[in-house]
Amino acid sequence: MFKTNSYFDEKVLSIAFDSNEGKATVGVMAPGEYTFGTTSKEYMTVISGEMEVQLPGESNWKTYKPYEMFEVEANQSFNVKVGVDTSYKCIYK
């Protein structure tokens with residue numbers, strides 16, 4: 001079944017589901033800056049829009065556009081800046 005999640009005063013919304021790749025979410029982010037924490041390894045793919053990401057231990061930000069993916073190890077946090085409404089898919093391993 002699906003589970004909906006809301007974060008950051010409903011500026012980030014997602015739907016969790018089980019996919020053939022494992023546990024997953026698809027979601028949208030409104031413009032803003034966010035810090036996310038992980039409990040498992042995450043593979044995040046931008047679907048539309050774009051996001052600037054500062055990965056754990058990095059001082060630089062990298063911009064990810066549609067169809068680009070990044071990964072974050074378990075028990076880490078990472079920062080995201082979104083300038084336009086952006087959608088994503090995240091797979092958890």
Side-chain angles (χ1 to χ4, degrees):
M1 231 26 234
F2 302 126
K3 179 183 176 195
T4 58
N5 301 296
S6 172
Y7 308 98
F8 304 103
D9 296 324
E10 297 191 346
K11 292 181 181 176
V12 177
L13 302 172
S14 70
I15 300 171
F17 63 101
D18 291 322
S19 75
N20 59 354
E21 300 170 284
K23 294 199 178 294
T25 57
V26 291
V28 291
M29 295 182 195
E33 296 186 23
Y34 310 102
T35 299
F36 295 97
T38 65
T39 56
S40 59
K41 188 169 186 174
E42 297 185 10
Y43 298 86
M44 186 173 283
T45 303
V46 175
I47 298 171
S48 67
E50 65 180 42
M51 59 177 76
E52 290 181 69
V53 179
Q54 184 182 42
L55 293 171
E58 298 288 326
S59 58
N60 294 327
W61 292 77
K62 181 176 179 190
T63 300
Y64 292 87
K65 296 182 179 186
Y67 312 109
E68 295 182 332
M69 187 267 303
F70 62 91
E71 59 187 76
V72 182
E73 293 295 331
N75 304 309
Q76 301 289 317
S77 64
F78 62 101
N79 299 309
V80 173
K81 293 181 192 176
V82 176
V84 298
D85 289 347
T86 298
S87 60
Y88 66 90
K89 177 178 91 171
C90 190
I91 303 296
Y92 305 90
K93 296 288 184 171

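Quick note: residue numbers are just sequence positions, from 1.
The salt bridge (charged side-chain N to carboxylate O under 4.0 Å, His left out) pairs that include a residue from residues 37-46 are K41-E71, K41-E73, where partners are two or more places apart or lie in different chains.
Here Y64 pairs with F70 under the ring pair (Phe, Tyr, Trp, His ring centres under 6.0 Å) rule; sequence neighbours left out. Remark: F8 pairs with Y34, F36 by the ring pair (Phe, Tyr, Trp, His ring centres under 6.0 Å) rule, at least two apart or across chains.
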**Request:** Apply the test side-chain contact (heavy atoms from CB on, under 4.5 Å) to residues T86 and Y88: give CA-CA distance (whole Å), side-chain angles for both, the deciding distance (0.1 Å), then the verdict.
**Result:** CA-CA 7 Å; T86 298; Y88 66 90; 5.6 Å; no
**Message:** T25 vs Y92, test: side chain to side chain donor-acceptor pair (under 3.5 Å). Steps then yes/no.
**Reply:** CA-CA 8 Å; T25 57; Y92 305 90; 3.0 Å; yes
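Between atom CH2 of residue W61 and atom CG of residue L55 there is a gap of 9.5 Å, rounded to the nearest 0.5 Å. With values rounded to the nearest 0.5 angstrom, M51 atom CE is found 11.0 Å from T63 atom OG1. With values rounded to the nearest 0.5 angstrom, K23 atom NZ is found 13.0 Å from C90 atom SG. Note that NZ of K89 and OG of S14 are 14.5 Å apart. Values are rounded to the nearest 0.5 Å.
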Distance-only check: which donor-acceptor pairs under 3.5 Å involve side-chain atoms of residues 74-85, not counting sequence neighbours?
unit_1	atom_1	unit_2	atom_2	d
N79	OD1	T35	OG1	2.6
N79	ND2	Q54	OE1	2.8

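Shown here for P66 and G49, the closest heavy-atom pair between the two residues is CD-O, 3.2 Å.
Using a 4.5 Å cut-off between side-chain heavy atoms of Ile, Leu, Val, Met, Phe, Trp and Tyr, L13 falls into a hydrophobic cluster with V28. Under a 4.5 Å side-chain heavy-atom criterion applied to ILVMFWY residues, the cluster that includes Y43 comprises M69, I91 as well.
Side-chain atoms of K93 come within 3.5 Å of backbone atoms of E21 as a donor-acceptor pair (strictly under, hydrogens ignored).
Between M29 and V12 there is a side-chain heavy-atom pair separated by less than 4.5 Å.
Summarising the local packing, CD1 of I47 is surrounded by more than 12 heavy atoms from other residues, nucleotides or ligands at distances under 6.0 Å.
Placement of Y7 and F17 in two distinct hydrophobic clusters is found when ILVMFWY residues are connected by side-chain heavy-atom separations under 4.5 Å, directly or transitively.
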